[in-house]
Amino acid sequence: MQRREDQIVRSLTLAVKELGHEVPSSGVHVEIPAREEHGDYSTNLALLLSKQIGQPPLSIAESLIATEAIRSLPHLVKVEIARPGFINFTLAATHLHELMVEVKEEGRDLFARHDFGDGTRMQLEFVSANPTGPLHIGNGWWASYGDALGRVLERCGYSVTREYYVNDTGGQIRTLGASILARRRGEEPPEGGYLGDYIVEQASRYLGEEDIVEAGKWAAEENLATIQRSLERLNIVFDTWFSQASIEDSGAVANVVDLLFERGAVFENDGALWLRSTEWGDTRDRVLRKSNGDYTYLAGDIAYHYNKFVIRAFDAVIDIFGADHHGQVASMRAAMAALGIDVDRLEIRLGQIVSLESGDQAVKFSKRAGTAVSLDWLVDEVGPSVTRLLALSTSLDRATTINLAEAKERSMENPAYYIQYAHARMAALDRMRSERGIAPAAIDDARELGVLVHPREIRLMREIIALPEVVRLSALERAPHRVTTWLKGLAAAFHGFYHDCPVLMEGISDELVAARLYLVEVARVAIVTGLDLLGVDAPEEM
RNA sequence: GCCCCUGUAGCUCAGCGGAUAGAGCAACUGACUUCUAAUCAGCAGGUCGUAGGUUCGAUUCCUACCGGGGGCGCCA
């Protein structure tokens, strides 16, 4: 779709040149204003030029709108100057009709697609929960975010790899094994062990040796399979499951510590090897190899990130962790800097804590204490669509409390029903069209859509054409929840249209039926595109 | 103490430095011989935590303070 904004920017550029000025290098916006009185598009250009050339913005705006470049803008009905110095363009409905044809021709594959990602190889690491138990709801929230962000980035031309880092070795696996063995003996898990009920159940099925490592690995493998199934229920599929044990066994950890040593970033103290991370902005230095000779988790993670950036040479990496891993951020960035890796290639996004409201109390999740509410339980309760849309309704930066009663309601409280119902209505219209032997919507010329002038139709068309910009911003700001916000608006516009603009009822002209059917098809392209970006199904009927 | 996130309507939350700050829910009122009312419409609800600063313009950016959440291991 040729974005109308770009067309207007080109005309404004010509207009500025016509007046003999330079276009400001940054800050110029052409946007769809929030208020309809402000027209279809609006620009702050005159306000910025005012600063640059020292003339009042209103008189600059006057000169601009008098130029040939502006007067000849396609579809232009009216151009107005507003208070501080905005220029507001009102276009004829024909500009919307034209764009509808473009969206329909692009279809689900091409509409709202961008190429600015330019094939950048980007790795997204997310979830990476230790296989010491089932995923909890917080994991599901951040998993939905990571997957949707990947979809948005892919639509903008990035080449995305989704990866899960599996902590299949080390102290937690031993603790897990010890907890299993204790339960099998009918005892309480040891101090610091895992207290969840699932451990008791697993212990009853463990037939192996009385060996904590063997028991731990057995349970971890089983847990990992469970985790994978939980994620697949949410439409989340990883490209790679990267084993921590594999990187340790390969000697890569020792190698990267050697490399850090060669670069002078390591020192010895109290029998341990330390990373001089304070030199790169960390609040304290970090242990890489303990005095007992074992490498720390951090050392393994550094080797893993070295593998991402140097061995596999991803152009950029986004790590998505829970806020409880905040402490790792400065250390990892320091380690990358110490290795001479451009720190800007590493982006770490932290998801704030998710809790569940049960009665009046918020339940905090702890896997060790066994109070984590499992993701599977929530998906059983409300289904995958509601889970994903709820997770993707708010910013990652906001700590959320899930209200189960509201999540189970089948109303607008639940964006999933509202949005999916809009799609089901579109699908129903198409079924009915087919049953009545009416040909699928087809238009040879945008002028055949000239009958679409009802305020409900206008609003729907305006919502549809906003998606490309929403997708662009979602990718740049790593904010897929913007797509959810847009979907709610689109669904609202469609429900309003559906209510006031009959498509297949008696007494409607053939021409209007054809145009409205076409509009419904275009709306369907848009809503399916949006839902797919979030990994949510578009049901034919509900 | 230090670091990160957050404070917007009664509640849950949107809001790329722009114009009169928006949705849903809850409360109240209205619309079903229908293309599925899982919908639509109306009404009501705001010192955008507080105080400064930058700017033509600040809910948005900066600083300080106050409230809430999270993190500061030779755990992972």
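These numbers come from a predicted model, not from an experiment. Per chain, numbering begins at 1; letters A, B, ... match sequence-line order.
- Nucleic acid contact for A/Arg433: none, since no nucleic acid atom lies under 4.0 Å from a heavy atom of the residue.
- In the set B/G18, B/C74, B/C16, the nucleotide with an atom closest to the side chain of A/Lys290 is B/C74.
- When the P atom is compared between B/G18 and B/U59, the two are found 11 Å apart, to the nearest whole Å.
- Between A/Glu37 and A/Lys78 no salt bridge is recorded (no basic side-chain N to carboxylate O distance below 4.0 Å).
- Put simply, the side chain of A/His495 and the base of B/C40 share no donor and acceptor less than 3.5 Å apart.
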Stepwise, does the side-chain contact (heavy atoms from CB on, under 4.5 Å) test hold for A/Leu273 with A/Leu260?
CA-CA 11 Å; A/Leu273 270 189; A/Leu260 284 164; over 6 Å; no
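- As rounded to whole Å, 16 Å separates atom P of B/A23 from atom CD1 of A/Ile419.
- Counting non-hydrogen atoms under 4.0 angstrom, A/Arg289 reaches nothing in the nucleic acid.
- Contact annotation: A/Arg456 reaches the phosphate of B/A41 (side-chain N/O to OP1 or OP2, under 4.0 Å).
- For the C1' atoms, the distance linking B/G1 with B/U8 amounts to 31 Å, nearest Å.
- Across the P atoms, B/U12 and B/G7 are found 12 Å apart, a figure rounded to whole Å.
- In the interface, the side chain of A/Glu541 is not paired with the base of B/A38 through any donor and acceptor atom under 3.5 Å apart.
- Side-chain contact annotation: A/His114 with A/Arg155, donor-acceptor N/O pair under 3.5 Å absent.
- Base contact: A/Asn44 has a heavy atom under 4.0 Å from a base atom.
- Nearest to the side-chain atoms of A/Val503 among the listed nucleotides B/C74, B/C35, B/U36 stands B/C35.
- For the segment residues 32-40 of chain A, the set of residues with a heavy atom within less than 4.0 Å of an atom of RNA chain B comprises A/Arg35, A/Glu37, A/His38, in numerical order.
- Following rounding to the nearest Å, A/Leu350 (CG) and B/C72 (C1') show an atom-to-atom distance of 14 Å.
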How does RNA chain B look in dot-bracket notation if pairs are Watson-Crick or G-U with both distances under 3.5 Å, crossing ones as [ ], other-strand ones as |?
(((((((..((((....[...))))..((((.......))))......(((((..]....))))))))))))....
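- The shortest distance between the side-chain N/O atoms of A/Lys488 and the OP1/OP2 oxygens of B/U12 is not below 4.0 Å.
- Among B/C3, B/A14, B/C40, the nucleotide with an atom closest to any side-chain atom of A/Thr485 is B/A14.
- Within the structure, salt bridge (Lys or Arg N to Asp or Glu O under 4.0 Å) contacts touching residues 466-482 of chain A (residues at least two apart or in different chains) are A/Arg3-A/Glu469, A/Glu347-A/Arg478, A/Glu469-A/Arg472, A/Glu477-A/Arg482.
- The residue A/Thr400 sits close only to the backbone: its heavy atoms come under 4.0 Å of sugar-phosphate atoms, none of a base.
- Note on A/Tyr417: every side-chain N or O is 4.0 Å or more away from OP1 and OP2 of B/U39.
- Across all strands shown, A/Ala323 has heavy atoms under 4.0 Å from sugar-phosphate atoms exclusively, and none from any base.
- Taking atom CD of A/Glu31 as the reference point, atom C1' of B/A19 lies 10 Å away to the nearest angstrom.
- Neither OP1 nor OP2 of B/G69 sits under 4.0 Å from any side-chain N or O of A/Arg398.
- Here B/A76 is the nucleotide among B/C35, B/A76, B/A19 with the atom lying nearest to any side-chain atom of A/Gln172.
- Ring-plane geometry between A/His136 and A/Trp142 is classed as perpendicular, the angle between the planes exceeding 60 degrees on a 0 to 90 degree scale with a lower cut at 30.
- Across all strands shown, A/Gly327 has heavy atoms under 4.0 Å from sugar-phosphate atoms exclusively, and none from any base.
- Ion pairing between A/Arg462 and A/Glu36 fails under the 4.0 Å rule for side-chain N and carboxylate O.
- A stacked arrangement is not assigned to A/Tyr418 and the six-membered base ring of B/A38, the conditions of a centre distance below 5.5 Å and an interplanar angle below 30° not being jointly met.
- One can place CD of A/Glu469 at 12 Å from P of B/C16, the figure rounded to the nearest angstrom.
- Annotation: B/A41 and B/G24 have their C1' atoms spaced 16 Å apart (nearest Å).
- Spacing between B/G10 and B/G52 at atom C1', rounded to whole Å, works out to 31 Å.
- Listed nucleotides B/U36, B/U39, B/C35 differ in distance to A/His499; the shortest reach to its side chain belongs to B/U39.
- Straight-line distance between the P atoms of B/A58 and B/A21: roughly 14 Å, to the nearest whole Å.
- Side-chain proximity of A/Arg482 to B/C16, B/C75, B/G70: nearest is B/C16.
- Within residues 504-518 of chain A, the residues approached by RNA chain B to less than 4.0 Å at the level of any non-hydrogen atom are A/Leu504, A/Met505, in residue-number order.
- For A/Thr394, the side-chain atoms get nearest to B/C13 when compared with the rest of B/C13, B/C2, B/G70.
- Applying the salt bridge (Lys or Arg N to Asp or Glu O under 4.0 Å) test to A/Asp301 and every residue at least two apart in sequence or in another chain returns nothing.
- Residues meeting the salt bridge (Lys or Arg N to Asp or Glu O under 4.0 Å) test with A/Arg174, sequence neighbours left out: none.
- The nearest whole Å value for the distance from the CE atom in A/Met542 to the P atom in B/U36 is 14 Å.
- Comparing B/A9 with B/G46, their C1' atoms sit 6 Å apart, to the nearest whole Å.
- Closest-nucleotide positions on RNA chain B for A/Gln244 and A/Met432 were compared, and the one nearer the 5' end corresponds to A/Met432.
- No engagement by A/Asp301 is indicated, since no non-hydrogen atom pair under 4.0 Å with the nucleic acid exists.
- For A/Lys51 and B/G57, the shortest distance from a side-chain N or O to OP1 or OP2 is not below 4.0 Å.
- Here A/Gln420 lies out of heavy-atom contact (under 4.0 Å) with every strand.
- Distance from the side chain of A/Arg83 is smallest to B/A19 among B/A38, B/G69, B/A19.
- Looking at which nucleotide of RNA chain B each of A/Trp274 and A/His29 is closest to, the 5′-most match is held by A/His29.
- Residue A/Asn88 places a side-chain atom within donor-acceptor reach of the base of B/A19, judged by atom type and a 3.5 Å distance cut-off alone.
- Checked by distance alone, A/Thr296 brings no side-chain donor or acceptor within 3.5 Å of a matching partner on the base of B/C74.
- Taking atom NE2 of A/His481 as the reference point, atom P of B/G15 lies 4 Å away to the nearest angstrom.
- One atom, CD1 of A/Ile53, and another, P of B/C56, lie 16 Å apart when rounded to the nearest Å.
- Rounded to whole Å, the separation between the C1' atoms of B/A27 and B/A64 comes to 41 Å.
- Residue A/Ile348 contributes atom CD1, which lies 14 Å from atom P of B/C4 at whole-angstrom precision.
- For the residue pair A/Asp319/A/His325, the side-chain donor-acceptor check at 3.5 Å is not satisfied.
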